[in-house]
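Both ligands and their constituent atoms are indexed starting at 1 by order of listing.
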Amino acid sequence: MSSETDFLLGVEGLTVSFDGFKAVDDLSFYLDRNEIRVIIGPNGAGKTTVLDLICGRTKATGGSIRFKGRELTRMKEHEIVRAGVGRKFQTPSIYEDLTVFENLEISFPRGRSVFGALAFRRDADVKDRVEQIARDIFLADRLNDLAEYLSHGQKQWLEIGMLLIQDPALMMLDEPVAGMSVSERKKTAELLHRVIQDRSVLVIEHDMDFVGDIAHKITVLHQGRVISEGSMAHVKADPKVVEVYLGH
Ligand code: ADP
Ligand code: MG
């Protein structure tokens with residue numbers, strides 16, 4: 001794998017305490033470009049808090065988060081989004097009363113206002129991009145349907161599409177396959193492999209079949225710390241991981 005000099009995201013000594021309780025405790029890990037990393041760990045391990053810290057929703061007590069050479073701990077949430085970090089929360093937040101096309105269209109990042117022919121050109125670009133994303137998320141034939149008629153799994157894909165259209169260099173997903181059928185999980189894995197040509201993905205997930213399908217590397221969290229990291233085979237055989245999962 002690559003050295004620490006060309007990582008996309010470098011988390012070092014990251015710590016946050018809530019009234020003295022360290023939810024994330026001296027955490028370090030490096031995410032490569034084009035990597036799919038999965039964070040696993042028991043409930044309360046600090047997984048969601050790590051995503052909250054990276055996207056600037058929660059401020060770190062200590063440590064650093066470097067992304068493309070910039071220090072995210074000093075930036076505001078909207079600046080972090082603009083720098084190229086996209087994040088999907090556990091519950092889908094799509095617009096049920098808009099079509100699939102419209103949901104994707106409104107998520108397209110628009111710059112300052114443009115005029116005349118330029119605006120027309122831009123509309124064509126947006127349409128192309130929406131159609132391309134719709135193919136990636138298996139909704140090409142649902143573009144004109146209201147989002148409320150999609151299945152739960154399709155709604156999750158739509159929300160991933162709403163992130164992808166913003167073209168983030170880092171996409172973070174918190175439990176993306178929760179509530180999905182087995183075939184939807186397989187397709188979600190396929191989707192993620194398809195979109196990492198241009199980006200890295202950081203996923204929190206419990207479903208170990210899905211984790212095995214997507215993860216290049218797994219980071220195991222317990223009590224806010226990394227207790228193991230590596231391939232599925234490596235972490236599965238690690239006595240520290242076995243103890244955490246079977247010890248209580
Ligand atoms: P996970 O996603 O691994 O289940 P979380 O990151 O949600 O775990 O939570 C880790 C710990 O931090 C939990 O004990 C949780 O109660 C606590 N925690 C998370 N966010 C806050 C907060 N804003 N204020 C106080 N405690 C929090
Ligand atoms: Mg969580």
Subject >> Element-labelled atoms of ligand 1 that are located less than 4.0 Å from some non-hydrogen atom of N43 >> reply: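 This gives 4 (O) as the contact atoms.
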Original post:
For ligand 1, which atoms sit closer than 4.0 Å to a heavy atom of F21?
Top reply: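 In order of numbering, the contacting atoms are 11 (C), 12 (O), 14 (O).
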Subject >> Nearest candidate to atom 3 (O) of ligand 1, where distance is taken over non-hydrogen atoms, out of K47, H222, K22, R57 >> reply: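 Residue with the shortest heavy-atom distance to the ligand atom: K47.
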**OP:** Ignoring hydrogens, just give me the one of T58, I204, T48 whose non-hydrogen atom is nearest atom 2 (O) of ligand 1.
**Re:**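 When every heavy atom of T58, I204, T48 is considered, T48 comes closest to atom 2 (O) of ligand 1.
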Subject >> Polar contact flag for A45 and ligand 1 (N/O pairs, less than 3.5 Å) >> reply: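 Between A45 and ligand 1, an N or O pair is found under 3.5 Å apart.
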**OP:** Before signing off on this row, confirm whether F18 and ligand 1 have an N or O atom pair separated by under 3.5 Å.
**Re:**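 By distance alone, the answer is no.
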Original post:
Is Y95 reachable from L146 through a run of I, L, V, M, F, W or Y residues, each pair having side-chain heavy atoms under 4.5 Å apart?
Top reply: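 The answer is no; the residues belong to distinct hydrophobic clusters.
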**OP:** Just jot down the salt bridge (charged side-chain N to carboxylate O under 4.0 Å, His left out) partners of K187, sequence neighbours excluded, or say none.
**Re:**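 Per chain and number, K187 pairs via salt bridge (charged side-chain N to carboxylate O under 4.0 Å, His left out) with no residue.
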Subject >> Close approach of G46 to ligand 1, heavy atoms, under 4.0 angstrom >> reply: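 Under 4.0 Å: yes for G46.
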Side chains of residues 201-213: which donor-acceptor partners sit under 3.5 Å, not counting sequence neighbours?
from, atom 1, to, atom 2, distance (Å)
E205, OE1, V177, N, 3.3
E205, OE2, D207, N, 3.4
H206, NE2, E175, OE2, 3.1
D207, OD1, D209, N, 3.4
D207, OD1, F210, N, 2.7
D207, OD2, R185, NH1, 2.3
D213, OD2, K186, NZ, 2.9

Subject >> Check ion pair D32-R37 (N to O, under 4.0 angstrom) >> reply: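 Salt bridge: no.
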**OP:** State whether a side-chain donor-acceptor pair under 3.5 Å links S107 with Q166.
**Re:**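 The criterion, which ignores hydrogens and geometry beyond distance, is not satisfied for Q166 and S107.
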Original post:
Has T49 got an N/O/S atom less than 2.8 Å from the Mg ion (ligand 2)?
Top reply: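 Of the N, O and S atoms in T49, none lies under 2.8 Å from the Mg ion (ligand 2), which means no.
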Original post:
Taking atom CZ of R194 as the centre, does the number of heavy atoms from other residues, nucleotides or ligands within less than 6.0 Å exceed 12?
Top reply: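 Counting neighbours around CZ of R194, more than 12 heavy atoms of other residues, nucleotides or ligands fall under 6.0 Å, so yes.
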